[in-house]
Amino acid sequence: MAEPLLSAEGLTKAYGGVRACAEVELALAPGELRAVIGPNGAGKTTLTGLLAGELRPDAGRIRFAGREIQGLDAAARARAGIGRSYQITSLFPRFTALENARLAVQVASGHSFGFRRAAARDRRLAARAEALLGEVGLEARAAVPVGDLAHGEQRQLEIALALAGRPRLLLLDEPTAGMAPEESRAMVALLQRLRGGVTILLVEHDMDAVFALADRITVLVGGRVLATDRPDAIRANAEVQAAYLGQDGGDGAETAPC
Amino acid sequence: MARLAREHGAGLLLGLAFALWPALAAALGLEWSLELAARILIYALAAGALNLVLGYGGLVSFGHAAFFGAGAYVVAILAYHDMVLGPVAIAGLEIPGTSDAWIAFPLAVLVAGLLALVIGALSLRTNGLYFIMITLAFAQMIYYLFVSLPDYGGEDGLSLFARSSLRPLELDDNLAFYYLCLGLLALLLAAKALVVRARFGWALMGIRDNERRMTALGLPTFRYKLAAFVLSGAVTGLAGALIANLTEFVSPAFLSWPVSGELLVMVILGGIGRLYGPLYGATALLLLEFALKEWSEHWQLALGPILILVVLFARGGLAGLRRPRGAGHG
Ligand SMILES: Nc1ncnc2c1ncn2[C@@H]1O[C@H](COP(=O)(O)OP(=O)(O)OP(=O)(O)O)[C@@H](O)[C@H]1O
Ligand SMILES: [Mg+2]
């Protein structure tokens, strides 16, 4: 395999007595779409937080695009090319879809110490923001305040914000969370369009989506990596079945000891 | 044109009223009211500066009296050295005082801005309630510092012998001073209208509404909050320089927490994050105080319930009365 775009070694994070992530090893090849699955509380969101720089690991190293990044804070990692979306929608609720996208583009396009020119009049920002909305299928909803968007549309906008900085790596934390089946299918189609162009780490509960999209799957249980393999191999893996796939929703493994 | 009228109509109208008031007051024999009107303009300037961090940045500073008082003391101390104490020797250099506003006002702005830089750098790492308490604590420290400086009047404060001179303007002329206050307020309101619509304003509003997301997008939020805090402190210092000239007297009361509280009330009353909100708020609060004082010496008892009613029934403050649901600014 070529040098991985992202690799993590021994990533560990504990909350009190709970080891949310325990010595996690991870290597994402450029262009790969990697799904991360695991029961509730397995540490998937914690792992995204550690990679994005929002959480400080207790131990471990992260390399991205050929350099160590564990010393960089979240903003610096974003500028280095890591975009992310949140499991719980995290937008600017008072602004319209276009204003949300434009703000994201503004941040991505350099510093924000502009004091005179109205940002709304900046044609370059607007053009790129409109293109972003088009990419996620929201162009017709540009003028709608975020609060008035349907849940599925908010999730699409969440992806648009993650894409604003033209990231090389996308960390997507359950993009289909809370979606109706129809909306879910639209999201899978969107991810289908994105794959290949950008390396993606996709945390997902929806197994149809996972098996439709993933090049490889990492199974996390109790903060530990149980297995990393191709989808068909994961499906056939007895350990994985026992720990996760066999159980409905996997709630039983929530308090897995580590 | 219609958009201009909708967005600025009420604010410009009130501004026009302030511009015409001296003539009207003279005709009605109400010259004494010029002092009150100038006080409103000066507080509107300070509250407008607070509104930048509070309304657009979401930073509840309970310590803006520090910048207000610092601006006032810079003017007063320089004048005091000019008139009474004589030059100070610092590192072998004889530094004279001055009553020249061209020197004293920019220095007031600079000192207040530097103070905001220090206080902001130390307090902006915290959030919410902690930020409120820390800004309050810093302001109280400055307050006690000046209470315990006998050279500069201590608790009793300092009197100015005359207003600063701003050649060719004579500030001892009440009318000239009034129009200086109005002009500076208009200038800084116009500047703020630009700033909050520019990239900087959007970054601030983004931080206010979702700092975590702004960080994830790649914005180093701390330096933007700090920049806003410094700008806000500097302009508040200018307001302080004006208030020292209005009253021709400064005391630690300018640095005390009730001033910080009053500024907060003005912003909230007028409409948080609304361009003209602080002007409405300062006008309403100071007129109300004035009227209630005439009516009873226990005026503060009546002020509380009135403020609560406004906050309950005019959410979005006075600026929100006309336009119930604004786009976050305007
Ligand atoms: N801030 C926190 N404080 C304390 N414990 C936490 C915190 N965040 C996560 N945890 C714990 O760490 C473990 C992993 O949580 P995490 O949110 O990473 O799981 P997850 O795999 O994303 O779960 P889900 O599928 O429900 O989203 C859980 O036991 C959780 O209770
Ligand atoms: Mg999660």
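Order of the sequence lines sets the chain letters (A, B, ...), proteins ahead of strands, with each chain counted from 1.
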Quick one: what part of B:Ala227 sits under 4.5 Å from any heavy atom of chain A, side chain, backbone, both or neither?
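For B:Ala227, the contact with chain A is made by the side chain alone.
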So what's closer than 4.5 Å to chain A heavy atoms on B:Ile207: side chain, backbone, both or neither?
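It is neither, since no heavy atom gets under 4.5 Å.
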How long is the span from the NE2 atom in A:His151 to the CD atom in A:Gln156, to the nearest 0.5 Å?
10.5 Å
If one checks every heavy atom of A:Ala52 against chain B at 4.5 Å, the contacting part turns out to be neither
Would you mind checking which part of A:Arg102 comes under 4.5 Å of any heavy atom in chain B, side chain (CB onward), backbone (N, CA, C, O), both or neither?
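The answer is the side chain of A:Arg102.
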Classify the ring geometry of B:Phe67 against B:His64: parallel below 30°, tilted from 30° to 60°, perpendicular beyond 60°.
perpendicular
Aromatic rings B:Tyr224 and B:Phe200: how do their planes relate, parallel, tilted or perpendicular, breaks at 30° and 60°?
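Geometry flag for B:Phe200 against B:Tyr224: tilted rings.
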Out of [options], which one racks up the most heavy-atom pairs below 4.5 Å with chain B?
options	answer
A:Glu54, A:Arg84, A:Arg116	A:Glu54
A:Gly83, A:Gly114, A:Ser112, A:Ala119	A:Ser112
A:Ile82, A:Asp73, A:Leu91, A:Thr96	A:Leu91

Is any side-chain N of the basic residue among A:Glu183 and A:Arg155 closer than 4.0 Å to the acidic one's carboxylate O?
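No salt bridge links A:Glu183 with A:Arg155.
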Side chains of A:Thr199 and A:Arg168, donor plus acceptor under 3.5 Å:
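No pair is found: no donor N or O on one side chain lies under 3.5 Å from an acceptor on the other.
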In terms of heavy-atom pairs under 4.5 Å with chain A, the winner among B:Asp209, B:Val195, B:Leu204 is B:Asp209
For side chain to side chain contact (heavy atoms under 4.5 Å, CB included), just list the numbers for A:Tyr15 and A:Thr46, CA-CA rounded to whole Å, side-chain angles, deciding distance to a tenth of an Å, and then say yes or no.
CA-CA 10 Å; A:Tyr15 291 108; A:Thr46 304; 4.1 Å; yes
